[in-house]
Amino acid sequence: SVIVLKELECEVVKVDRQLVKDVATDRREERLAAAIAELSAVYDANTCIEGIETSEMAEILRKYPVKTFQGFYYSRPVPIGEFREKIKSF
């Protein structure tokens, strides 16, 4: 419910991969992701989109006010020790 954004003062709204899995070929999915990101921004919440698997998906969704992306395009799930090593390079 949209009212949750207002009443709970969410910091992050995560968009499930099922909503964007065909974003490269389905314009409706792109518009939906954009609308969620815009609505989240109204309430000062960041948007995180899950399920980014290709550079094309990332490029399409970077046009909108999305703060973070998650998915196999960036990294497969890794054990915590490996994650710590990876972030040292940033």
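Everything numeric here is computed off the predicted structure, so don't read it as measured data.
Listed by chain and number, the residues in a side chain to side chain donor-acceptor pair (under 3.5 Å) with E85 are K88 (sequence neighbours excluded). Considering only residues two or more places apart in sequence or on other chains, E50 meets the salt bridge (Lys or Arg N to Asp or Glu O under 4.0 Å) condition with K14.
In terms of hydrophobic clustering, with Ile, Leu, Val, Met, Phe, Trp and Tyr side chains grouped at heavy-atom distances under 4.5 Å, F72 and V20 are assigned to different clusters. The cluster map of Ile, Leu, Val, Met, Phe, Trp and Tyr, joined by side-chain heavy atoms under 4.5 Å apart, puts V12 and L8 in different clusters.
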Can you give me every donor-acceptor pair (side chain of residues 28-48, partner residue at least two apart or in another chain, under 3.5 Å) with its distance?
{"residue": "R28", "atom": "NE", "partner": "D26", "partner atom": "OD1", "Å": "3.2"}
{"residue": "R28", "atom": "NH2", "partner": "D26", "partner atom": "OD2", "Å": "3.2"}
{"residue": "E29", "atom": "OE1", "partner": "K21", "partner atom": "N", "Å": "3.3"}
{"residue": "E29", "atom": "OE1", "partner": "D22", "partner atom": "N", "Å": "2.7"}
{"residue": "E29", "atom": "OE1", "partner": "V23", "partner atom": "N", "Å": "3.1"}
{"residue": "E30", "atom": "OE1", "partner": "R27", "partner atom": "NH1", "Å": "3.2"}
{"residue": "E30", "atom": "OE2", "partner": "R27", "partner atom": "NH1", "Å": "3.3"}
{"residue": "E30", "atom": "OE2", "partner": "K63", "partner atom": "NZ", "Å": "3.0"}
{"residue": "E30", "atom": "OE2", "partner": "Y64", "partner atom": "OH", "Å": "2.5"}
{"residue": "S40", "atom": "OG", "partner": "I36", "partner atom": "O", "Å": "2.8"}

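Residue Y74 places its OH atom among more than 12 non-hydrogen atoms of other residues, nucleotides or ligands, all under 6.0 Å distant. Dense packing is recorded around CD of Q18, with more than 12 heavy atoms of other residues, nucleotides or ligands lying under 6.0 Å away.
Minimum heavy-atom separation, R17 to G51: CB-CA, 3.4 Å.
For the atom pair E56 CD and T25 OG1, the distance stands at 8.5 Å (nearest 0.5 Å). One finds the CD1 atom of I52 at 6.0 Å from the CZ atom of F69 (value rounded to the nearest 0.5 Å).
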Stepwise side chain to side chain contact (heavy atoms under 4.5 Å, CB included) test for I60 and M57:
CA-CA 5 Å; I60 290 168; M57 291 175 78; 5.9 Å; no
